[in-house]
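This chain uses plain numbering: 1 for the first residue, then up along the sequence.
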Amino acid sequence: MKKTFLQWACATLLALVCPTLHVHAQDAQAANAFTGTITDEKGKPVSEVIVSNGFQCVLTDDLGQYTLPYHKDARFVYFTVPADCEVPTHSATDNTAHFYQAVEKDKWVYDFRVTKLPKGKEKHHKLIVIGDPQVTNAINPYFTGANDNPIQKSDLDRFAEETMADIKRTLKSLPKDTPVYGLSMGDDVQYYGGYNEKLEGAIRAVLGSSKMKLFSVIGNHDQDANPVYKRKWEEAWGPTDYSFDRGNVHYVCFNNVIYYRGHAYWQPGELTDEQLAWLESDLSLVPTSKMVVLAYHIPLTFGNRTKKGNPHAIGAGHYASSRIERILDLVRPFKSYQLFCGHTHFAVNNEIEINGEPVLEHCHAAACGDIWQSNVNIDGVPNGYYVYDMKGAKVKDCYYKGTRWPQSRQMALFLADTDFNGESYAADWNLPKGKGIVVANVFNADSQWKVYAIENGKKTEMTRLEKTPNQDAFAVGYHHRYAKSNVYNFFSKKNGYLKMNHWYYYQPQDPTALITIKVTDRYGNVYTETSDHVVKEPFYNYAHFYGSDTE
């Protein structure tokens, strides 16, 4: 809502003359409400900013003031970082977002100060999405050579020296004035190896050590149905349900991990009635010209441990969330929307239909792979992260960045017949043996990607492998020998949660021919690889140790 010059002038004058015009603490207490003012670095009021107590959302008025109903379970009072303001951070050396104040007893007034961006709202920005850092308080098996002598290095050190070091190289490669933001998809920690009260704070410090401003979602292992663990996450990161604006994108992060019996939680993710009311309240205050990105930990479009009576069976023992219809109703009016999650330790762009409507959910592979006991996820995708290019109200580009891999490498090739420690793609996918079949694991593929094999100048579309349950022969063969943090079944087709759809195969006319695999993603980027680079060893470089094939 635009103000006339007279309205703006009057509001500014009132704010300057009466900076404490908002309800005083005793009046707020009497009214059973939280109140406060949001001003910029010059002391001017900032209007139309969303402020929340975790249950309701309101907008600041022309004087930058807000009044929120008191809620007995409110843990924080916080605001949605406006698109034309800098993201406030914990410190100059910790660039994790700090947009909240913890609710204190007998405190009713919560004021906030923001800093305007010198050039106003950004027209585009980069978003780095990090799936499941999941550092533990244990030393996991880690090998840097072709032997069975593990290196004694902590998960936190590996995350800092591998993942964050690689992210910093990516940041350095971008034009100097590129705005970059980070988003961790949850499971920042897991208390495997014993509870460590400093672990959540330690991973936040590492995540905040680059120049990008970073937000986080809460995951299941950040909580594990233990109130102490959840409080540690809140102490480090603030509210679990919140939003922020960058450019023409409204990001909404929420906790969709609901424990129903002990440490068991629903898969797919769910939301409480109170959370749905909060989400509706937040989105009702956002212009529909924006793109909405919903970010949460557990996938909403698939899972095999559903709420009783959930009608959304999608086949092969999988279900969409019982809340998916309501969530889609809330985001459908916007220019566009995206669904982001993590949790699975495998990559899948899951495409389903809900009441005839196509729905795509981006399930991001884990930075930790399989909890730091290798350099690959359980589907053979290397440890890494995603780089999105957001322009206006759409995703302009995206690629997967394997840790220590060049950006150009978006796939790994295998021969179907290769024996990976007792596993093979031919056996897993019922492919003919002895035919020289090439299998391509295309890390970030979806149905819009085009994947071709070129043999002696002839271009043939590769056959997409889609079957659930299934497994990745290379990853399973590797972890069959080295699994420690997880049981072997986690990697295999016995894991009914696995969904696999980014594998393709080609049967050559001449098994000895050099085959070129040419991939075009949904954004028009082209990637190639040749069959002389097929992986033939069960403990090859990028899973077991680093060699010349990596950066």
Side-chain angles (χ1 to χ4, degrees), residues 34 49-59 66 68-82 87-88 96-103 110 112 129 181 183-188 200 204 214-223 225 227 229-246 249-259 265-266 268-286 290 292-300 321-324 326-331 334 337-343:
F34 298 123
V49 178
I50 299 174
V51 187
S52 182
N53 58 8
F55 297 89
Q56 297 94 8
C57 300
V58 298
L59 288 175
Y66 69 89
L68 269 169
Y70 168 77
H71 194 289
K72 64 181 179 61
D73 294 322
R75 297 268 297 121
F76 300 92
V77 175
Y78 53 97
F79 66 96
T80 297
V81 180
V87 174
T96 51
H98 190 196
F99 50 91
Y100 55 88
Q101 294 183 45
V103 171
Y110 296 85
F112 296 95
V129 177
Y181 302 96
L183 182 61
S184 168
M185 297 312 301
D187 278 3
D188 296 313
E200 196 78 68
R204 192 193 82 183
L214 185 132
F215 298 81
S216 183
V217 170
I218 189 170
N220 56 292
H221 287 300
D222 293 306
Q223 310 172 68
Y229 297 174
K230 186 178 180 183
R231 286 295 176 96
K232 283 298 175 186
W233 191 94
E234 290 175 324
E235 286 176 12
W237 299 99
T240 60
D241 301 338
Y242 65 94
S243 63
F244 62 96
D245 287 335
R246 294 292 86 192
V249 185
H250 183 69
Y251 294 92
V252 187
C253 302
F254 52 78
N255 176 16
N256 72 339
V257 185
I258 296 181
Y259 294 90
Y265 46 85
W266 305 118
E270 295 290 350
L271 292 175
T272 65
D273 290 339
E274 286 182 325
Q275 285 180 295
L276 275 174
W278 172 84
L279 181 61
E280 182 173 5
S281 179
D282 176 278
L283 292 176
S284 70
L285 303 175
V286 179
K290 287 181 177 286
V292 170
V293 174
L294 300 184
Y296 43 87
H297 186 63
I298 299 178
L300 292 173
S321 172
S322 67
R323 301 294 197 175
I324 192 72
R326 182 61 186 139
I327 290 171
L328 293 176
D329 286 343
L330 292 175
V331 298
F334 290 88
Y337 71 87
Q338 300 285 332
L339 305 178
F340 282 13
C341 64
H343 181 60

(request) Apply ring-ring contact (aromatic ring centres under 6.0 Å, His included) to F215 and Y181, showing your working. (result) CA-CA 8 Å; F215 298 81; Y181 302 96; 7.4 Å; no
(message) Just so I know, are the side chains of W266 and I298 near enough to count as touching, which here means a heavy-atom distance under 4.5 Å?
(response) no
(request) Hey, can you tell me if Y259 and Y265 have their rings parallel, tilted or perpendicular (30° and 60° cut-offs)? (result) perpendicular
(request) Could you tell me whether Y296 and F340 have their ring centroids closer than 6.0 angstrom? (result) no
(request) Could you tell me which non-hydrogen atom of K290 sits nearest to which non-hydrogen atom of V286, and how far apart they are? (result) CD-CG1, 3.6 Å
(request) Drop me the distance from D245's CG to F79's CZ, to the nearest 0.5 angstrom. (result) 11.0 Å
(request) Answer yes or no: is there a side-chain heavy-atom contact under 4.5 Å between W278 and V252? (result) yes
(message) So I218 and K230, do their side chains get closer than 4.5 Å, heavy atoms only?
(response) yes
(request) Drop me the distance from I258's CD1 to N220's CG, to the nearest 0.5 angstrom. (result) 13.0 Å
(request) Check the angle between the aromatic planes of F99 and Y242 and answer parallel, tilted or perpendicular using the 30° and 60° thresholds. (result) tilted
(message) With a 3.5 Å distance limit and no angle check, can you tell me whether S321 reaches the backbone of P268 through a side-chain donor-acceptor pair?
(response) no
(message) For a 4.5 angstrom cut-off between non-hydrogen side-chain atoms, does L68 reach Y110?
(response) no
(message) When you compare the side chain of Q223 with that of W233, does any pair of heavy atoms fall below 4.5 Å?
(response) no
(message) For the CG atom of N255 and the CG atom of D241, what is their distance to the nearest 0.5 Å?
(response) 6.0 Å
(message) Applying salt bridge (charged side-chain N to carboxylate O under 4.0 Å, His left out) as the test, list every pair that has at least one member in residues 269-281; sequence neighbours left out.
(response) D273-R323, E280-R326
(request) Check the pair V49 / Y66 against side chain to side chain contact (heavy atoms under 4.5 Å, CB included), numbers first and verdict last. (result) CA-CA 9 Å; V49 178; Y66 69 89; over 6 Å; no
(message) Under a 3.5 Å distance rule, please check whether N53 uses its side chain to pair with a backbone N or O of V77 as donor and acceptor.
(response) no
(request) Provide the closest heavy-atom pair for P82 versus R246 in the form atom of the first, atom of the second, distance. (result) O-NH2, 2.6 Å
(request) Grab the two heavy atoms, one from T80 and one from S243, that are nearest each other, plus how far apart they are. (result) OG1-OG, 2.7 Å
(message) Set out, in order, the CA-CA distance, both residues' side-chain angles and the distance that settles side chain to side chain contact (heavy atoms under 4.5 Å, CB included) for V51 and L59, then state yes or no.
(response) CA-CA 6 Å; V51 187; L59 288 175; over 6 Å; no
(message) Do V257 and H343 make a side-chain contact, defined as non-hydrogen atoms from C-beta onward lying under 4.5 Å apart?
(response) no
(message) Measuring from atom CZ of F244 to atom SG of C253, what distance do you get when rounded to the nearest 0.5 angstrom?
(response) 5.0 Å
(message) Rounded at 0.5 Å granularity, tell me how far CG in L285 sits from OG in S52.
(response) 9.5 Å
(request) For residues F76 and E234, report the shortest heavy-atom separation together with the two atoms involved. (result) CZ-O, 3.7 Å
(message) Please report the interatomic distance CG(D188) to OG1(T96), rounded to the nearest 0.5 Å.
(response) 10.5 Å
(request) Look at the side chain of S281 and the backbone N and O of C57, then say whether any donor-acceptor pair between them is shorter than 3.5 Å. (result) yes
(message) Counting C-beta onward and ignoring hydrogens, is there a side-chain heavy-atom pair between L294 and Y337 closer than 4.5 Å?
(response) no
